[in-house]
Amino acid sequence: MEVAKKNKQKILIVDDDSDLLEMLADILTNAGFKIVTASDGVDGSFKYANENFDLVLTDIKMPKKDGIKLVQYIHTSDAQKMMKPGSAFKPTPIILISASMEEYRMEIDILENIDTLSKPFSPKEVVEKVNNLLDKKVTPNSSAGSVIGVKAGEYVIKEGETGTDIYFVKEGKMS
């Protein structure tokens, strides 16, 4: 597994399944990340409000506050941070995890700055998805008109995947 950069990036993992929470924490700690855990969306909201995170990984189905509501809270919090004068703050990438992703498809599709991970998943999938999102951490105003950098050989979208975004090549070439 690929090890994170020298300055340990901090990830908040939120899940009510203590076994899965521990497994994800172990996987990402072994990959070189600093991990903070929360057992539900309320605890996750509190920790997010009081610490800075490079990425959030959250389950969808949880008691007290589900993952969708947590994402909405994070987006509101991030928007407030970005509005401060002189702020260079960038929205926090979020990965939603669930065994029943299609059940939440409509809610997920309207959220910005998120990715998904369907259960079951391999440790390698988790680390690759986290590294990919942290490598291209989104720019402010991640909706229309944002600019992302793509390294040679990196995929923006793969053949057969469905997407909701439009991409324009500003420099270089695509094949």
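Values below: every heavy atom of this structure, side chains too, minus hydrogens, waters and symmetry copies.
The backbone N or O of Y73 lies less than 3.5 Å from no partner atom in the side chain of S77, so there is not a single donor-acceptor pair. With hydrogens and angles ignored, the 3.5 Å screen pairs no side-chain donor or acceptor of D16 with any backbone N or O of M62. Checking side-chain atoms of D54 against main-chain N and O of K10 turns up a donor-acceptor pair under 3.5 Å.
E125 has no carboxylate O lying under 4.0 Å from a charged side-chain N of K129, or vice versa, which leaves the two without a salt bridge.
Here E22 pairs with nothing under the salt bridge (Lys or Arg N to Asp or Glu O under 4.0 Å) rule; sequence neighbours left out. Listed by chain and number, the residues in a salt bridge (Lys or Arg N to Asp or Glu O under 4.0 Å) with D15 amount to none (sequence neighbours excluded). Listed by chain and residue number, nothing satisfies the side chain to side chain donor-acceptor pair (under 3.5 Å) test with D26 (two or more places apart in sequence, or in another chain). The salt bridge (Lys or Arg N to Asp or Glu O under 4.0 Å) test applied to D17 returns no partner, not counting sequence neighbours. Taking T76 as the reference, Q80 meet the side chain to side chain contact (heavy atoms under 4.5 Å, CB included) condition, with sequence neighbours excluded.
The side-chain heavy atoms of T92 and Y48, taken from C-beta on, include a pair separated by under 4.5 Å. When side chains are defined from C-beta on, N131 does not count as touching E128, because their heavy atoms never get closer than 4.5 Å. Using a 4.5 Å cut-off on side-chain heavy atoms (C-beta onward), L96 and T58 make contact.
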**OP:** Determine, step by step, whether L20 and D59 satisfy the side chain to side chain contact (heavy atoms under 4.5 Å, CB included) criterion, reporting the C-alpha distance in whole Å, the side-chain angles of both residues, the deciding distance to 0.1 Å, and the verdict.
**Re:** CA-CA 10 Å; L20 184 59; D59 189 19; 5.8 Å; no

Under 3.5 Å, sequence neighbours excluded: what are the donor-acceptor pairs made by side chains of residues 31-45?
unit_1, atom_1, unit_2, atom_2, d
D40, OD1, V42, N, 2.9
D40, OD1, D43, N, 2.8
D43, OD2, S39, N, 3.3
S45, OG, G41, O, 2.9
S45, OG, K65, NZ, 2.8

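Hydrophobic cluster membership is shared by F121 and I11, with clusters built from Ile, Leu, Val, Met, Phe, Trp and Tyr side chains linked at under 4.5 angstrom.
Around the NZ atom of K69, the shell of radius 6.0 Å holds no more than 12 heavy atoms that belong to other residues, nucleotides or ligands.
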